[in-house]
Number of protein chains: 2
Amino acid sequence: MTKNATGRVDHEAELRKAGIRITRPRRIILRIVSETDDHPDAYEIFRRAVQEDKNISLSTVYRTMKLLEEHGTIQRHAFAGGPSRFEHAGEEHHDHLIDVETGDVIEFRSDKIEKLQDEIARELGYDILHHKLELYGRKRRSA
Amino acid sequence: MTKNATGRVDHEAELRKAGIRITRPRRIILRIVSETDDHPDAYEIFRRAVQEDKNISLSTVYRTMKLLEEHGTIQRHAFAGGPSRFEHAGEEHHDHLIDVETGDVIEFRSDKIEKLQDEIARELGYDILHHKLELYGRKRRSA
DNA sequence: AATGCAAATGCAAATCGTTTGCAATAAAAA
DNA sequence: TTTTTATTGCAAACGATTTGCATTTGCATT
C-alpha cells in the first residue's frame with residue numbers, strides 16, 4: 001500500500017494508480033474524509049468542503065463518495081431513517097451502536113461476537129465475506 | 001396474546017384493544033403482511049393490496065406500515081440504497097444471512113449473540129431498543 | 001510552455017422513496 | 001340514525017440522491 005511522507009496511506013497515489021484523475025474537489029474531499037474520525041453524511045462533507053473552496057458542488061461530493069466507495073477508500077453506512085454516512089475505511093473492523101435520540105454513532109468491537117458469527121455461518125454452510133451489526137439504543141439513565 | 005379461531009395471532013383484536021380503528025385498507029394490508037413470508041417494500045404491498053381494493057392508496061400503505069411498526073406487528077428493514085422492506089414480526093427475533101451470489105435471505109437466531117449484544121450495550125451505558133445483524137456470505141463449496 | 005481531448009465539474013432539473021395538508025369519507029360511539 | 005372523530009385518497013411537498021448538459025480542468029502529448 002502506497003504511503004506518503006507522513007507515513008499515512010496516500011490515497012491520491014492509490015487512485016492515480018487506478019487511472020483516476022486527482023482534481024481539486026477530490027483532493028479536498030479526500031482530505032476531509034481521511035482526517036475526520038466521525039461519520040459525516042454527504043451534506044456535512046459538502047459543508048466542510050465549501051469552506052475550502054466556495055464552488056464545490058454537492059453533486060461532486062456525491063459522485064466522489066461513490067467513487068471512493070468503489071475503490072474501498074471509504075465505507076458507506078445506511079443507518080435506518082437518515083442519509084448515508086461515510087467513514088474512512090482501512091483501520092480494523094468494528095461495529096456500531098447508534099444513539100436513537102441524538103444520532104451519535106459509537107464504535108465498538110467484540111471478538112466474541114465476531115467469532116460467533118463465523119461459527120453460525122459455518123453451520124449454515126456459508127463463508128462470511130463481511131457483515132454489519134448495528135445496535136440501536138438509548139442512553140441508560142443512571143438509577 | 002389474543003388468538004383467533006385458527007390459532008394465529010389476531011392482529012385486528014390486538015390493534016382494536018389499543019384503540020385503533022380497523023378499517024378496510026388496514027384489514028387488507030394486515031392480511032397481506034401476515035400471510036407473506038418474504039420481505040416486500042411499501043410499493044409491493046401497495047401493488048398486492050390494489051388487487052383486492054382498487055382504490056387503496058400508497059399513502060395509506062405507508063401510514064399503516066408506520067402504525068404496525070409502532071405496535072410491533074411488523075419490523076422494518078432499511079437496506080442501503082433501496083426502500084424499506086417489511087417483515088411480519090413473528091414471535092421470535094431473528095437475524096439475516098444474505099447470500100451475496102443469489103440474493104437469498106436466510107434467517108437465523110443465536111441466543112449467545114443476542115446476549116452478547118446486551119452485554120456490550122450495557123458496558124457502553126446504553127439500553128438496546130433493537131438491532132440489525134446482517135451476515136453477507138457465499139455458500140461454501142464442499143471440498 | 002502550449003495544445004488536445006476525455007474526464008470531471010457545477011448547475012438545474014429529474015428521480016426516488018416517503019410524508020403531509022386538506023377536504024371527503026367511514027368507523028365506532030351515542 | 002345521527003354524531004364525533006379517525007382515517008382515507010389525492011396531490012403537492014419533501015429530503016436524499018442522481019442525471020443531462022454545457023463548460024472547465026487535469027494531464028498526456030507535442
Side-chain angles (χ1 to χ4, degrees), chain A residues 11-33 39-71 73-86 103, chain B residues 11-30 32-33 39-71 73-86:
Chain A
H11 294 299
E12 296 194 14
E14 298 273 298
L15 292 168
R16 199 178 269 114
K17 212 185 294 178
I20 282 152
R21 290 191 185 170
I22 301 306
T23 64
R24 184 167 156 70
R26 284 181 181 166
R27 206 181 323 258
I28 291 172
I29 292 168
L30 219 31
R31 258 207 34 249
I32 291 170
V33 301
H39 303 70
D41 59 29
Y43 190 76
E44 173 61 26
I45 292 167
F46 167 67
R47 199 179 314 157
R48 296 179 195 175
V50 162
Q51 287 178 260
E52 308 201 26
D53 182 340
K54 260 208 166 263
N55 43 344
I56 279 180
S57 78
L58 183 53
S59 320
T60 295
V61 173
Y62 275 108
R63 283 192 273 236
T64 303
M65 297 328 279
K66 191 178 196 175
L67 186 88
L68 296 182
E69 187 188 6
E70 280 160 1
H71 279 271
T73 309
I74 58 164
Q75 215 187 311
R76 175 191 301 263
H77 296 287
F79 298 130
S84 289
R85 297 172 64 171
F86 306 92
Chain B
H11 295 299
E12 296 194 15
E14 298 274 298
L15 292 169
R16 200 178 267 115
K17 212 186 292 176
I20 282 150
R21 289 189 186 172
I22 302 305
T23 64
R24 185 168 155 69
R26 283 180 182 164
R27 206 179 324 257
I28 290 171
I29 292 168
L30 219 31
I32 291 170
V33 302
H39 305 70
D41 60 28
Y43 191 76
E44 173 62 24
I45 293 167
F46 167 67
R47 200 180 314 156
R48 296 180 195 175
V50 162
Q51 288 180 258
E52 308 201 27
D53 182 340
K54 263 211 164 256
N55 42 345
I56 279 179
S57 79
L58 183 54
S59 320
T60 296
V61 173
Y62 274 109
R63 282 192 274 235
T64 303
M65 297 328 279
K66 192 179 195 175
L67 186 87
L68 296 182
E69 187 188 7
E70 280 161 1
H71 278 271
T73 309
I74 58 163
Q75 217 190 312
R76 175 192 302 263
H77 296 286
F79 286 109
S84 290
R85 295 172 64 171
F86 305 93

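Below, chains carry the letters A, B, ... as their sequence lines are ordered, and counting in each starts from 1.
- Computed from coordinates, the B:I45 CD1 to C:dG17 C1' distance equals 14 Å when rounded to whole Å.
- Distance OH (B:Y43) to C1' (C:dC16): 12 Å, rounded to an integer number of Å.
- Tested against A:F46 for a side-chain contact (heavy atoms from CB on, under 4.5 Å), the candidates A:V61, A:I29, A:D41 yield a single pass: A:V61.
- A donor and an acceptor atom sit less than 3.5 Å apart, one in the side chain of B:S59 and one in the base of D:dA11.
- Taking 3.5 Å as the limit, the base of D:dT7 and the side chain of B:T60 contain no donor-acceptor pair of atoms between them.
- With both pairing distances under 3.5 Å, C:dA29 is matched to D:dT2 as a Watson-Crick or G-U wobble pair.
- Atom OG1 of A:T64 and atom CD1 of A:I28 lie 10.5 Å apart (nearest 0.5 Å).
- In this model, the phosphate group of C:dT18 is approached by a side-chain N or O of B:Y62 to a distance below 4.0 Å at OP1 or OP2.
- Comparing atom distances between the B:S57 side chain and each of C:dG10, D:dC10, C:dA8 picks out D:dC10 as nearest.
- If you take CZ of B:R16 and C1' of C:dA28, they are 10 Å apart, rounded to a whole angstrom.
- Atom P of nucleotide D:dG26 and atom CG of A:L30 are separated by 15 Å, given to the nearest angstrom.
- At a cut-off of 3.5 angstrom, the base of D:dT5 holds at least one donor-acceptor pair with the side chain of B:R21.
- Checked against D:dC27, D:dG9, C:dT9, the side chain of B:P25 finds its nearest nucleotide in D:dG9.
- With D:dT17, C:dC22, D:dT7 as the choices, the nucleotide that has an atom nearest any side-chain atom of B:R63 turns out to be C:dC22.
- Here B:T23 lies in heavy-atom contact (under 4.0 Å) with sugar-phosphate atoms only.
- C:dA8 atom P lies 17 Å from atom CG of A:D53, rounded to whole Å.
- Considering B:E44, B:M65, B:H39 as possible partners of B:F86, the one that fulfils the side-chain contact (heavy atoms from CB on, under 4.5 Å) test is B:M65.
- C:dA26 atom C1' lies 13 Å from atom CG of B:N55, rounded to whole Å.
- Across the protein-nucleic acid pair, A:K66 atom NZ and D:dA16 atom P stand 18 Å apart, rounded to whole Å.
- Residue B:R26 is in sugar-phosphate contact alone, with no base atom involved, counting any heavy-atom pair closer than 4.0 Å across all strands shown.
- Across the strands present, D:dA28 finds its partner in C:dT3; the criterion is a Watson-Crick or G-U wobble pair with both atom distances under 3.5 angstrom.
- Which of C:dG10, D:dT17, D:dT7 sits closest to the side chain of A:L58 comes down to D:dT17.
- Separating the CD1 atom of A:I29 from the P atom of C:dA8 is a distance of 13 Å, rounded to the nearest angstrom.
- For A:R27 against D:dG26, a side-chain-to-base donor-acceptor contact under 3.5 Å is absent.
- Once rounded to the nearest 0.5 Å, the distance linking CZ of B:R47 with CG of B:L58 reads 10.5 Å.
- Within the 3.5 Å criterion, the main-chain N or O of A:R21 finds a donor-acceptor partner in the side chain of A:R26.
- To the nearest 0.5 angstrom, B:I20 atom CD1 is 5.5 Å from B:L15 atom CG.
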